[in-house]
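One structure follows; several queries about it will come next.
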Amino acid sequence: MRRSGLVYRGGHALTLLQGSAELFPALLQAMAQARHSIWLETYIFDFQGSAQAVAEALVQAAERGVQVRLVVDGVGTGQPPAPWPQRWDAAGVQWRVFSPLGPLGLLIPSRWRRLHRKLCVVDGERLFCGGINILDDRHDPLHGALSEPRFDLAVGLTGPVVLEAAHTMAQLWRRVEAGRAVRARQWPQALQGWLRQGPAELGAATGTDAKAGAKGLRAALALRDNLRHRSHIERAYLRAIGTARREVLIANAYFLPGRRLRRALVLAARRGVRVQLLLQGRYESFMQFHATRPVYRQLLAAGVEIHEYAPSFLHAKVAVVDGLWSTVGSSNLDPLSLLLAREANVMVRDRSFARQLRQALLEAMHHAGRQVVLADLAQRPWQQRLRDRVAFGLMRLALWVTGHRY
């Protein structure tokens with residue numbers, strides 16, 4: 001079934017995983033059982049708490065002959081701390097940094113295009129995808145120890161989309177390898193890097209070719225990049241919201257939707273759909289906190305319900321529509337995710353899975369959320385409202401610099 005450029009295939013088994021407390025044990029078990037390959041991409045690879053066990057699992061897998069490839073983002077992770085680069089190199093872990101920052105850092109707009117997706121494919125048979133970095137639930141790289149765990153979600157799954165994920169990861173690996181060769185002025189190696197990793201290499205590393213089956217959940221892998229998949233994730237959201245009849249439930253960490261998404265949410269609420277948003281309630285950064293607030297008024301006036309997650313940081317990027325369509329992935333509903341970053345979401349059309357995800361979101365919303373009302377916005381001090389406008393204006397200016405309208 002085709003939806004917004006996506007092909008939904010049957011034959012999938014999915015497990016919903018909440019936080020690193022559930023993801024990491026499943027990930028570690030899969031890595032311990034790996035026979036051929038472990039390919040991992042993440043924005044943040046941290047080494048505190050339970051995240052260190054993932055770093056260790058990569059070493060152990062590589063030492064027993066499993067092909068281990070790791071790509072981390074140059075802003076989210078940068079250079080891993082000692083002794084991990086040395087341990088990875090000694091074990092045979094192939095690790096790379098996506099778009100490492102030069103002397104000018106993020107002053108160059110092209111450097112704003114980050115690797116934000118979180119994907120892991122083991123033996124070409126099992127995929128992990130979601131919003132969870134290799135980061136302990138109770139640790140934050142900027143804020144230190146957290147009194148309550150971060151709220152985030154991922155899925156573990158088998159089925160046809162696993163091979164799709166492996167293909168896109170192989171393509172990114174080729175690009176990163178070619179980029180390293182170009183920076184080293186090794187032109188023949190750069191060309192060979194693009195040519196030597198084709199379908200045969202992918203098949204050898206994965207050892208499987210998953211087929212769609214009549215049984216199992218229907219799912220699709222939605223990607224966002226700057227070439228062939230510029231708007232697949234946004235279009236999937238727009239279609240689901242635009243056809244909603246009863247309920248739209250969204251949890252999103254960095255929420256600054258563009259005009260089309262805001263309009264879709266407003267129109268859904270006005271035609272009687274119950275639209276509920278669970279958004280970030282804690283101050284994480286100036287832009288994240290203040291740029292979002294100017295869109296609240298329009299949504300609340302249309303009847304959209306907004307709840308802010310209170311106990312800890314909200315990092316989930318998920319949605320459920322009409323108890324049938326759902327998505328779990330890395331893409332926020334903000335300009336950085338929808339216009340600039342590489343993202344990956346799993347889209348699912350299944351009532352049982354949607355029911356499970358919906359229950360997790362409603363529990364978080366009702367037990368840990370604070371509802372925002374229009375009266376609260378009007379009573380905020382003028383200094384805060386001024387910061388909101390400044391942050392919103394800076395975001396629009398930044399997008400104009402990159403040549404985007406939002």
Side-chain angles (χ1 to χ4, degrees), residues 14-24 26-27 40-46 50-51 54 71-73 75-77 114-121 127-142 146 148-157 161 165 168-169 219 221-224 232-234 236-237 249-257 277-282 284-285 288 292 308-309 311-320 326-338 340-348 353 356-358 360-361 364-365 368:
L14 276 78
T15 301
L16 183 65
L17 302 165
Q18 184 166 324
S20 65
E22 293 186 1
L23 172 63
F24 287 0
L27 197 61
L40 174 63
E41 295 177 0
T42 184
Y43 180 69
I44 297 174
F45 200 123
D46 193 63
S50 60
V54 180
V71 184
V72 300
D73 183 75
V75 171
T77 302
R114 307 314 311 173
L115 173 67
H116 193 247
R117 65 195 190 191
K118 293 87 179 172
L119 293 173
C120 182
V121 170
L127 169 66
F128 296 91
C129 175
I132 305 173
N133 290 287
I134 306 303
L135 179 64
D136 190 282
D137 285 338
R138 291 183 176 271
H139 173 74
D140 186 88
L142 298 178
L146 302 177
E148 295 292 334
R150 184 183 298 102
F151 183 71
D152 208 344
L153 294 159
V155 290
L157 67 155
V161 302
T168 192
M169 296 176 80
L221 181 68
L223 303 171
R224 207 227 74 86
H232 284 186
I233 293 177
E234 183 179 19
Y237 266 98
L249 183 57
I250 296 173
N252 209 261
Y254 308 120
F255 182 81
L256 184 55
L277 308 178
L278 180 62
L279 307 179
Q280 182 75 271
R282 292 187 60 172
E284 188 171 3
S285 67
Q288 161 268 322
T292 300
E308 293 185 332
Y309 190 76
S312 185
F313 289 116
L314 169 76
H315 197 256
K317 304 96 167 52
V318 301
V320 180
S326 55
T327 182
V328 178
S330 66
S331 182
N332 292 297
L333 299 181
D334 75 340
L336 295 178
S337 280
L338 295 178
L340 298 173
R342 288 176 177 267
E343 306 284 4
N345 276 44
V346 172
M347 311 288 183
V348 184
F353 181 79
Q356 184 181 5
L357 177 57
R358 179 179 182 272
L361 296 183
M365 184 178 296

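All of these numbers come straight from a predicted model, not from anything done at the bench.
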Quiz item: How long is the span from the CG atom in L277 to the CG atom in N252, to the nearest 0.5 Å?
Solution: 9.0 Å
Self-check item: S330 side chain to A344 backbone, donor-acceptor under 3.5 Å
Solution: yes
Quiz prompt | Under 3.5 Å donor-acceptor, T42 side chain and N133 backbone | solution = no
Quiz item: Is any side-chain heavy atom of C129 closer than 4.5 Å to a side-chain heavy atom of V328?
Solution: no
Quiz prompt | Non-hydrogen side-chain atoms of V318 and S326 separated by less than 4.5 Å | solution = no
Quiz item: Which pair of heavy atoms, one from R150 and one from D136, lies closest together, and at what distance?
Solution: NH1-O, 3.0 Å
Quiz item: Can you name the nearest heavy-atom pair linking N345 to T327, along with the distance?
Solution: ND2-OG1, 3.0 Å
Quiz item: Can a cation-pi geometry be assigned to R282 and F313, taking NZ or CZ under 6.0 Å from the six-membered ring centre and within 45° of the ring axis?
Solution: yes
Practice problem: Show your reasoning for whether side-chain contact (heavy atoms from CB on, under 4.5 Å) applies to L336 and Y254. | Solution: CA-CA 9 Å; L336 295 178; Y254 308 120; over 6 Å; no
Exercise. Identify, with sequence neighbours excluded, every residue that meets side-chain contact (heavy atoms from CB on, under 4.5 Å) alongside E22.
Key: L17, Q18
Practice problem: Grab the two heavy atoms, one from D137 and one from A21, that are nearest each other, plus how far apart they are. | Solution: OD2-N, 3.0 Å
Practice problem: Identify the heavy atoms of L115 and D73 that sit nearest to each other, and give their distance. | Solution: N-OD1, 2.9 Å
Quiz item: Of the non-hydrogen atoms in K317 and G131, which two are nearest, and what is the gap between them?
Solution: CD-CA, 4.0 Å
Quiz item: Stepwise, does the side-chain contact (heavy atoms from CB on, under 4.5 Å) test hold for F24 with I134?
Solution: CA-CA 8 Å; F24 287 0; I134 306 303; 4.2 Å; yes
Quiz item: Do Q288 and T292 come within less than 4.5 Å of each other through their side chains, counting heavy atoms only?
Solution: no
Practice problem: Not counting sequence neighbours, which residues clear salt bridge (Lys or Arg N to Asp or Glu O under 4.0 Å) with R138? List them please. | Solution: none
Quiz item: Under 3.5 Å, side chain of E308 to main-chain N/O of L279, donor-acceptor pair present?
Solution: no
Self-check item: Option passing side chain to side chain donor-acceptor pair (under 3.5 Å) with H315 (candidates D152, N332, D140)
Solution: D152
Self-check item: Backbone N/O of A341 and side chain of R224: donor-acceptor pair under 3.5 Å
Solution: yes
Quiz item: Any side-chain heavy atom of Q280 sitting closer than 4.5 Å to one from F255?
Solution: no
Exercise. With sequence neighbours left out, write down each residue that passes ring pair (Phe, Tyr, Trp, His ring centres under 6.0 Å) with H116, or none if nothing qualifies.
Key: Y43
Quiz item: Can you tell me how far the CZ atom of F45 sits from the CG atom of L135, to the nearest 0.5 Å?
Solution: 10.5 Å
Quiz item: If you look at every heavy atom in L338 and S331, which pair is closest and at what distance?
Solution: CD2-OG, 3.7 Å
Practice problem: Would you check if F151 and L361 make a side-chain contact, meaning some heavy-atom pair closer than 4.5 Å? | Solution: yes
